[in-house]
Amino acid sequence: MIKHDVVIVGSGLAGMRAALEVCEGLDVAILSKVYPTRSHSGAAQGGIAASLGNSESDSWEEHLYDTVKGGDFLNDQDAVEEFVKAAPRVIYELEHYGCVFSRTPDGKIAQRSFGGHSKPRACFSADRTGHAILHALHEQLLKRSKSIKIYSEWYMHSLVLDGDRCNGIVVSDIRTGAVEVMQAKAVIFATGGYGRVFNITSNAFASTADGVMAAFRAGIPLEDAEFVQYHPSGLYRQGILFSEAARSEGGYLLNGEGERFMDKYAPSRMELAPRDIVARAEQSEMDAGRGVDGKDIIHLDLRHLGEARIMERLPQIRQLGIDFIGVDCVKDPLPIQPTAHYSMGGIPTDKFGQVITDAEGTHVKGFFAAGECACVSVHGANRLGTNSLLEAVVFGERAGKSAFEYAMKVDHAPVNESHEKTKVLEQFEGVFQQNGDESYNDIRNQMKKVMTENCGVFREEKQLKTCIETIEKLQEKFKNGKITDKGKLFNTEIYEILELENMLAMAEIIAKGALDRKESRGGHSRTDYPKRDDENFLKHSLAYKTDDGIEIKYKPVVITKHQPAERTY
Amino acid sequence: MIITFKIKRYNPEKQGEAYFEDFKLDVQEDLTLLDCMNEIKWTLDGSLTYRMSCRSAICGSCAVKANGHATLACQRQATHLVKGDTIVLEPLGNMKPIKDLAVDFEPFWEKINKVSPYLQPKQKAPEKERVQSPEQFSLIDDSSTCIMCGSCHSDCNVLEVDEDFLGPAALAKAQRFVQDSRDGKTLERVKNLSKPGGIWDCTHCGECVERCPKPARPFDRIKEIMTVALEQGVTNNNGARHALSFTKSVKSSGRLNENIIPVESVGFFNFRGLFDLLPVGLRMLFKGKNPPVFHKSIDEVEDVKRIYMELDE
């Protein structure tokens, strides 16, 4: 059995930031199914929010209001307040670590406008901000390599829970297939999102719900899973991201008739309205037959910015366009469509990163979560751009701090190693032995298709029911699949199958949450219930695993400064 | 179009030797090489092994050799890579294969670790951000785009013969700190990087620049470190002496004085080094390959001097 004081699962911004917090005085392990610098935080492009006021006066109060209005008033405002207040400090800290930021002429961190933010508060490193922060944190990890052990290319299978206490995790080494129990006083999940359940998504192949499902299977509910953010500018058909920074720098959105249609939907903010509103506007244009060439295409037009500006602020986007579709945005508009991008929901935590299991805030001792896999909830029903990197850093730090304080007080609890190990070995063996006739690839493709088509930007009862039925059928088919690679060495196929199992369960939770939420709020938009319904649905959903399937319960929203108001831009 | 993917397979669990296996795919326009590899894995042979994650050229997982050159699979359209009707896929070079196209990256990370890859600040952090001008930022802008995909490392001609060479990726990472206006260890860094295995062991072939999928362009960064090393007066090593002697010779005569450069490179009082040169010198003498004893300038040497003067300005 492997033993550490604290084990962190996931090595993106939240995980690495947590590791830096825990490593002074405790023995820490950070585990990733990829190498840490391959984590999906690195794909974030546009910026990280903080009211530094480097180009225009700004305040945390304005950041708070923008975030709450952007989240359609479903955010827990006590958590948002601490989140936006911490922002300037954590950005300065990243800068002190050595993070590379674009600069103002007088040498301060440069800031640009972003969707839903009333002030230019996105600190950025050209159009690769996530990458810059990820590498800066990785550098700090290497600097502390004596006290932080990196388990690179290890997969986390399950949580070891004993009543209300978490005592470790079960993992396996992807390179050798060896299953191990990791005993720990505290476990932090920073396992990211689950956009791969959708066909059109900006997410990496690794974003497959492993963490959230390990928590769910252990009896912990998932909060607000129905709220998925569709980013307005995914590359047509591929879904990969063209940063919102393209619009902050002045890019236009044009429909098939060459018309800047955003004035019909958000006249005051135009292309820089929050993402849920822009994505819906695009989808509405396409549904009305005004896509480019009659297809599901909107044009992102940057030509008027000129080559110099594009090369200074958006060089990566230009290169992506040239490499992936042969379109140079200096000369031609980029073909885009909404793409599943971010999960507002996740493992419920309090504002200190402590995982909770119900509306009363009951703790799972020794279990913490941060970043996209967690739901605090600072984003409410729709996250503003640049708030996710901030969330990862702020709550990574907080979860790290909480885990540290907890682990300093307690001893390792006993773990039944053979029992925990056997469960995972049996799971492996089950897949290896299964000699069915279904193709896992077909199952995965069908899941992604039905989720994008029936649980996408717009949702409606009949479609959601079809979606759930299809997913349930696919879960049955999954039990009759067949694997090709039965070896132990670097068997990526079996891990893809385990990920698929997680995604099939996650897809059902998303759709079930969406079916039960009979209103439209933020990223969740029901054509059969087009209005926000504060009377009945100003509350967070909590999806629990029961013997009869998924049960949805609710918990109240924390409202402090801002009462829900009409949301127009 | 129908493309044949000739893929180098290796699975030591099954057999010790690597072999090539062909897979045919009908490839649509605008499919990336990674899309094709996934199609093969998901519909033809689930055991095909490689790494991948972001599919948007930022995580650096999916570099493989395509037709002999390191390539980021998610970044390139398959139809642009095809030769005849075939694309040959092999694992990255200069690293040990584990299975099929996946290689052991451990030695790569070890080299990164050797360059103290983190900021060592000049002074205590201020309350807010450290000031850095846009011009100072631009010195580290390119190297900070590195995604650690290992393409340059794979195709580096020096690493192929010298395991001790730090390699292009680690050196590009080093430049990121050597030229960071916030770093306080510039001199110490360039001293370390001037040791054997460092910047002066690069042979300037430029292969790393050709293979780099990002603007990081390692050789350009290595040249920048060389410049800083010379500016900082770190010249007490063969590489720096060679560069200075080379420059001096061209400046004074318009051509290389091959009698003097080797001697100046090892140093006049480095008797051991000079002694090591003897066998090569003698062999050249016997084969009649020794350069003329009296070094002549080229006719247009004054033009060369003028160029130097302008460059100095």
Side-chain angles (χ1 to χ4, degrees), chain A residues 34-35 37-40 42-43 52 88 91-92 95-98 100-109 125-126 128 130-132 135-136 139-140 142-143 145 175 202 204-206 237-238 240-241 315-316 319-320 323-326 439-441 444 483-485 487-493, chain B residues 11-14 30 32 38 41-43 45-61 75-77 98-100 102 105 109 112-113 116-119 121 125-134 136-137 140-141 144-148 176-177 180 182-183 213-215:
Chain A
V34 293
Y35 184 83
T37 61
R38 320 277 186 226
S39 305
H40 198 52
L52 304 184
I91 302 289
Y92 293 138
E95 199 280 334
H96 297 159
Y97 283 151
V100 177
F101 282 109
S102 295
R103 300 286 173 153
T104 61
D106 56 350
K108 292 181 189 162
I109 294 172
S125 181
R128 45 171 197 282
H131 175 263
H135 283 257
E139 288 157 10
Q140 295 303 310
L142 295 180
K143 191 176 168 186
S145 55
R175 274 178 68 167
S202 64
F205 283 109
R237 289 205 311 207
Q238 289 264 10
I240 62 169
L241 188 63
Q316 183 182 218
Q319 200 58 47
L320 283 174
D323 291 335
F324 284 80
I325 40 165
S439 142
Y440 289 114
N441 185 46
R444 185 169 45 226
I483 190 168
T484 319
D485 191 347
K488 285 222 178 284
L489 178 75
F490 218 117
N491 186 338
T492 52
E493 190 185 15
Chain B
N11 183 353
E13 263 190 332
K14 284 188 171 168
D30 79 21
T32 64
N38 285 337
K41 182 175 178 66
W42 293 338
T43 63
D45 185 350
S47 70
L48 181 65
T49 302
Y50 47 90
R51 293 189 179 93
M52 55 146 179
S53 192
C54 77
R55 83 220 150 88
S56 49
I58 195 72
C59 81
S61 299
Q75 195 189 32
R76 303 292 300 278
Q77 311 244 332
I98 301 170
K99 182 180 174 187
D100 293 342
F105 257 76
W109 297 114
I112 300 286
N113 262 322
S116 306
Y118 40 80
L119 190 76
E127 195 188 330
K128 294 187 171 181
E129 69 266 61
R130 293 192 177 86
V131 171
Q132 181 168 59
S133 70
Q136 288 168 327
F137 162 78
I140 53 172
D141 189 11
S144 72
T145 64
C146 173
I147 56 172
M148 305 278 170
R176 146 88 191 78
F177 299 103
D180 191 325
R182 301 168 294 178
D183 195 89
K214 289 282 164 180

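Note that these values count all heavy atoms, side chains included, but never hydrogens, waters or copies made by symmetry. Order of the sequence lines fixes the chain letters, A, B, ..., with proteins taken first and strands second; residue numbering starts at 1 for each chain.
Heavy atoms of B/Asp141 lying under 4.5 Å from chain A belong to its backbone as well as its side chain. Heavy atoms closer than 4.5 Å to chain A are found in the side chain of B/Arg182, but not in its backbone. Residue B/Asn113 touches chain A through its side chain alone, counting heavy-atom pairs closer than 4.5 Å. With a threshold of 4.5 angstrom between heavy atoms, A/Tyr92 approaches chain B through side-chain atoms but not through N, CA, C or O. At a 4.5 Å heavy-atom cutoff, B/Gln136 makes no contact with chain A through either its backbone or its side chain. With a 4.5 Å cut-off on non-hydrogen atoms, B/Pro213 does not touch chain A at all. Heavy-atom distances place both the backbone and the side chain of B/Thr145 under 4.5 Å from chain A. For A/Thr104, the part sitting under 4.5 Å from any heavy atom of chain B is the backbone (N, CA, C, O) and nothing else. Using a 4.5 Å cut-off between heavy atoms, A/His131 contacts chain B through its side chain alone, with no backbone atom that close. With a 4.5 angstrom heavy-atom cutoff, B/Ile147 touches chain A via backbone and side-chain atoms both. A/Leu489 touches chain B through backbone and side chain together, each having a heavy atom under 4.5 Å away. For chain A, the nearby part of B/Ser133 is the backbone; its heavy atoms alone come within less than 4.5 Å. Heavy atoms of B/Tyr50 lying under 4.5 Å from chain A belong exclusively to its backbone.
Ranking A/Ser439, A/Ser102, A/Ala126, A/Ala43 against chain B, the residue ahead of the rest is A/Ser102, based on heavy-atom pairs under 4.5 Å. Chain A forms the most heavy-atom pairs under 4.5 Å with one residue out of B/Pro12, B/Gly60, B/Ala125, and that residue is B/Gly60. For chain A, the option among B/Glu127, B/Arg176, B/Lys14 with the highest count of heavy-atom pairs below 4.5 Å is B/Arg176. Heavy-atom pairs under 4.5 Å with chain B were tallied for A/Asp323, A/Asn491, A/Ile325; the largest tally goes to A/Asp323. Taking A/Gln319, A/Arg175, A/Lys108 one by one and counting their heavy-atom pairs under 4.5 Å with chain B, the maximum is reached by A/Arg175. Listed options A/Ile483, A/Leu142, A/Ile91, A/Val34 were ranked by heavy-atom pairs under 4.5 angstrom with chain B; first place goes to A/Leu142. Among B/Ser56, B/Cys146, B/Cys54, B/Pro134, the residue with the largest count of heavy-atom pairs under 4.5 Å with chain A is B/Pro134.
Between A/Gln238 and B/Asp30, the shortest heavy-atom contact is NE2-O, 3.9 Å. Here the closest non-hydrogen pair linking B/Phe137 and A/Val100 is CE1-CG1, 3.2 Å. For A/Asp106 against B/Val131, the heavy-atom pair with the smallest separation is O-CG1, 3.8 Å.
In terms of the salt bridge (Lys or Arg N to Asp or Glu O under 4.0 Å) criterion, B/Lys41 has no residue partners (sequence neighbours excluded).
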Task: Derivation of the side-chain contact (heavy atoms from CB on, under 4.5 Å) call for B/Arg51 and A/Phe205 - done: CA-CA 10 Å; B/Arg51 293 189 179 93; A/Phe205 283 109; over 6 Å; no
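For the pair A/Glu139 (side chain) and B/Leu119 (backbone), a donor-acceptor distance under 3.5 Å is absent. A donor-acceptor pair is defined here as one N or O able to donate and one able to accept, closer than 3.5 Å; such a pair exists between the side chain of A/Glu95 and the backbone of B/Arg130.
Within the model, atoms CZ of A/Arg38 and OG of B/Ser53 stand 9.5 Å from one another, a figure rounded to the nearest 0.5 Å. One distance of note links CG of B/Asp45 with CG of A/Asp485; it measures 8.0 Å at 0.5 Å rounding. Rounding to the nearest 0.5 Å gives a distance of 8.0 Å between CG of A/Leu52 and NZ of B/Lys128. To the nearest 0.5 Å, the span separating CZ on A/Arg128 from CD1 on B/Ile58 amounts to 8.0 Å. Going from atom CZ of A/Phe324 over to atom CD of B/Gln77 covers 8.5 Å, rounded to the nearest 0.5 Å. Note that CD1 of A/Ile109 is 4.5 Å distant from CD of B/Glu129, once rounded to the nearest 0.5 Å.
At a threshold of 4.5 Å between non-hydrogen side-chain atoms, the residues A/His96 and B/Pro126 count as touching.
Using the six-membered ring where Trp is involved, A/Tyr35 and B/Trp109 have ring planes that are parallel, under 30° apart on the 30 and 60° scheme.
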